Structure formats: structure tokens, C-alpha cells
Protein chains: 2
Amino acid sequence: MAFSYEHARPALAVDCVVFGLDDEDLKVLLIQRGVDPFQGKWALPGGFVRIDESVDEAARRELAEEAGITRVFLEQLYTFGAVARDPRDRVVSVAYYALVKLSDHRVVAATDAREAAWFAASELPSLPFDHDEIVGKALARLQGSVRYRPIGFELLPQKFTLTQLQRVYETILEKTLDKRNFRKKVLGTGLLLELDEVEQDVAHRAARLYMFDKKRYRELEKDGFLFEI
Amino acid sequence: MAFSYEHARPALAVDCVVFGLDDEDLKVLLIQRGVDPFQGKWALPGGFVRIDESVDEAARRELAEEAGITRVFLEQLYTFGAVARDPRDRVVSVAYYALVKLSDHRVVAATDAREAAWFAASELPSLPFDHDEIVGKALARLQGSVRYRPIGFELLPQKFTLTQLQRVYETILEKTLDKRNFRKKVLGTGLLLELDEVEQDVAHRAARLYMFDKKRYRELEKDGFLFEI
DNA sequence: TCAAAAGTGTTAAAAATACACCCATGG
DNA sequence: CCATGGGTGTATTTTTAACACTTTTGA
């Protein structure tokens, strides 16, 4: 079956920059390409947009198919439309970035026999197409967004310590923060629920656990409240 | 001549939200559609991406063709990819927003006999496709960007008074600002060149003219300087 | 009892805000 | 001479930044 159009059409693809955070650093998920061009090379997960799905749906589908990742924070990043960004065909790609709780996705499901693996964002191999540029833009967006929107929580388990949260910000912003000032500020937002629980199995005083109060955030947001760290 | 592909492909279009500022308010440029669907209705300027041009180039070309607008600030906004956003065909649209000096484009060149006109952003007619949503997103982006990036100047003549600049911010942010504090802040950026000129033909004391120091901004930007009003 | 991280307040500096009058110009 | 907008400084409040020790816990 073939499809015919009066004018030539670019192919339309999606690519996803998936971020995760572990004890060491910020990670990006890469997939070993199963097809040419660049077969065997590490690249961003992605694929072509089908005719009967939205572009957003395509991004979610590719994440699920290629990495077994579902129900994550996913947001459109930028559309890359240079004529020669793909050496074979004209392909325009809508890039997305995702934030996942690494604890949930430590073992990446490489579904169709393709390898998937986490790489430190600061030590990525050189990537095919314009994927280096896409990752660069995603990092910049992440750094810009994390201070003004409550998305840092997406990288942590549902229950987390304030020190873990501080590490999220320090890792993304690439600078150290003052512990007391940080706590003052995040608790000052009124968006952290203090739980009657502490972390388990640590070889020192156990820290209190908190949750992000998403419901309250949505209410405040309606009234024009701006999150800021 | 027809083009045939193994898989069905969405058509790829661009749409542009062009902002201008006059004495009254913030304006958006609309074009009367020359073709179906929605022939005769006011809509955003735009059109299909050609196979041999980048998406950015397509946006600039459409602006030039449909409105005679060239050499303006133009930036990608968001890609709209819902399946049914166009009632006839599957069309994914990469939206852009542009800022123009209305003084330069007061008379819009309606090239191919189609009408073009400026509408107050707050009183737009209801637009076809998802163009209402696109304009909404463009306004939100403009409001978010104007405080952190020196783009307000794009709406003014090269030489402007501080009162004109203040009006840019007041109009976009939809709130009044204190004159003394505003001046303190913009002059404090060190990015305004004070000229030895004043405005002409006003029935009161003539205000001093300033220019944005783009060269100096680019230097400071390299060193991590962040513009902020 | 030691190591390791949790938890906690105050002070100083900087930035943001509120606020009102005189000045220059053209009509 | 008057109407119109141009231009200017200070005091207060709020926000941010700097900074160090005691507590808890498990090994």
C-alpha cells in the first residue's frame, strides 16, 4: 500500500530526551538504533508519527515501545526542521523531553531486542542526526524550567527527603545550594506535605519524608500563584 | 506530478502570530483566507512547508508572501499536532511568533489579493482551525519572554523614548508600572544607549531618545549575563 | 564512641516597592 | 499661561545571601 500526494511531504518524526537522576548524576536514556541510517549507534528514542495519532501520542507511544516507559512527565521541546538533518530523507522531528523517576525505570525494558541504557548527561557519546543539539536544547529547557515550575519532583520517588530534593536542583542547575536557605524556600512554598515517615535503612539519622502537594498546587495555580525556587 | 510514500504522511504547515504595537494596543496580523477550508475567514498567516526549505525558512517565506513582512524577530512557538485540527486533511503545524515595528508595517502589503489587517489582540474574531489556541499560546509566551529577554525593543522603532518602552511592557504584561522604578531598572541594565536626540513634533517637552545596545548585549550574554525587567 | 547526615536562626546586603513634585515645551 | 508629558530621589519593605553548631542514629 502506498500513499500519494500532490506535493512532496517531509516525513514527521518525534524524538525524546528522557532524563533520570540517580545517586551520581543526571542521566539521559539512549537507544541503540536498529535500522539505518546509523544502525547500531546510540541515539534518542523516537520514530515516525502515524497518520491516526497526535504528535503527543506518537511521543508517548515511542517511549513505551522503545523503552517501556509510560506515565511520565512529557512535554514538547522544539521542532527541528533543517532540510538536511537526516541524510536520507527529509525528516522534520518534533522533540520532547521527559522526566522519569529512575527508581521506577532502573531496568529499561528493551522491547524489540534493541539495547537501551542510561548515560550521564555530561558524558554522552556523540549522537547521530542533530541529536546533540536536541539534547543541548533539552538541558537548557530543563535548567530554565526547574526553577519556575514544580517539575523537579518528577525525578524523585513520590516520597522524598529535602536533601534528595536539594540534590535535584543542585544537579540540574550545576551549582551548590545552601541547605538552610533551600529548606526555607521550598517549605515556604507551602507545597510540601510533611509525612509522619522517615527514610529507611540509612546508616545515620533518618531524614523526614515529604510529598509534593499536587492538588494544592493546582488550586494555587488557578489563582495566579507562581512556583519559584 | 505526484509523490508517493510507503506510509501515510501528515502535511506539514507553519502558522505565524505576528504582533505589533500601536498607540492603542497590542495588535495581531490576520489574513483573509483565499482557499478552502474556511475561505474568506480571518486566520493566521501561514502555509505548507516545501520539501526543499527548512521549517524556519517556510515561516519567513509565508510572512513575506502573505504580508510583505521581512527581517523581523521570528521565533518558533510550538507545534500543534492534534489529529483533527484541520477538518480536511491531517495537517501538523509548526507555529511561530513574530514581533514587528508597526511603524514599518503600518500598511500591510496584501500581495496576492488577499486582505491583511491588524486586529487588537484582546478583540480578535474567532479564528478557524486551532488558531485561537495558537494565539493564546503566543500571548503567554510573549508575556513570559518579555521580562527575561530583550525582545520588547522589536516592537519599537530603532530610536524610542523611555515612555514608549514602558508602554510596551505595560501593554504586554497588562499592568501599569511605576515610571521612576521602571527607568531605574532599564537604565540599570546598561543596555540603553542615550542619544543626543529628542522626539520631534510633540506638543509638550520632547523626550530623549534611546537605542538598544545589541552589540553590548551579545557580549554580556556570552558571560552569562541575564537580562531582566 | 564515632561517623555521617539531619536539622535549625540570625544578621547583613541587595532588590523591590511606594510615593510627589518641578521642569520644559508648544499651542 | 496653561496643558501635557518629561524627568528625577528617598525611605520602607521584602527578599536573598551568608554563615556554624547541635542532634540523632546506626555501625
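Chain identifiers are assigned alphabetically (A, B, ...) following the order of the sequence lines, protein sequences preceding nucleic acid strands; residue numbering begins at 1 within each chain. Predicted model only: the values in this text are computed from it and were never measured.
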**Asked** What's the spacing between B/Asp25 CG and B/Phe119 CZ if we round to 0.5 Å?
**Response** 12.5 Å

**Request:** Starting at atom NZ of A/Lys179, determine the distance to atom C1' of C/dG9, rounded to an integer number of angstrom.
**Result:** 14 Å

**Ion pair A/Glu170/A/Lys175, N-O distance below 4.0 Å** = no

**Asked** Rounded to the nearest Å, what distance is computed from the CZ atom of residue B/Phe182 to the P atom of nucleotide C/dA16?
**Response** 14 Å

**Prompt:** Looking at A/Pro150 and A/Phe227, what are the two nearest heavy atoms and their distance?
**Reply:** N-CD2, 3.6 Å

**Prompt:** Take atom CG in B/Asp201; do more than 12 heavy atoms of anything else shown fall under 6.0 Å from it?
**Reply:** no

**Request:** Would you mind classifying the nucleic acid contact of A/Arg183 as base, sugar-phosphate or nothing, using non-hydrogen atoms under 4.0 angstrom?
**Result:** base

**Message:** Given C/dA16, C/dA5, C/dT10, identify the nucleotide with an atom nearest to the side chain of A/Lys184.
**Reply:** C/dT10

**Asked** Earliest and latest nucleotide of DNA chain D, 5' to 3', sitting under 4.0 Å from a non-hydrogen atom of chain B?
**Response** D/dT4 to D/dT10

**B/Asn181 side-chain proximity, nearest of C/dA24, C/dT8, C/dT17** = C/dT17

**Complete:** Whole-Å distance, B/Arg180 CZ to C/dA16 P, equals 17 Å

**Asked** Should the heavy atoms of other residues, nucleotides or ligands under 6.0 Å from CD of A/Glu221 be counted, would the total exceed 12?
**Response** yes

**Residues touching DNA chain D, which here means a heavy atom under 4.0 Å, drawn from residues 163-171 of chain B** = B/Thr163

**Fill in**
Residues A/Glu199 and A/Arg205: closest non-hydrogen pair is OE2-O, 4.2 Å

**Item:** Separation of C/dC23 P from B/His204 NE2 (nearest whole Å)
**Value:** 19 Å

**Asked** Considering all heavy atoms of both residues, which atom of A/Leu26 and which atom of A/Thr171 are nearest to each other, and what is their separation?
**Response** N-CG2, 3.7 Å

**Asked** Do the ring planes of A/Phe153 and A/Phe212 sit parallel (below 30°), tilted (30 to 60°) or perpendicular (above 60°)?
**Response** parallel

**Request:** Quickly work out the B/Arg205 CZ to C/dC23 C1' distance and round it to whole Å.
**Result:** 5 Å

**Prompt:** In whole angstroms, how far is the C1' atom of C/dA5 from the CG atom of A/Leu162?
**Reply:** 13 Å

**Length of the line joining A/Leu187:CG and C/dG9:C1', which is rounded to integer Å** = 14 Å

**Item:** Whole-Å distance separating the CG atom of A/Asp201 from the P atom of C/dA4
**Value:** 18 Å

**Request:** Examine the side chains of A/Glu75 and A/Tyr97 and answer whether a donor and an acceptor come within less than 3.5 Å of each other.
**Result:** yes

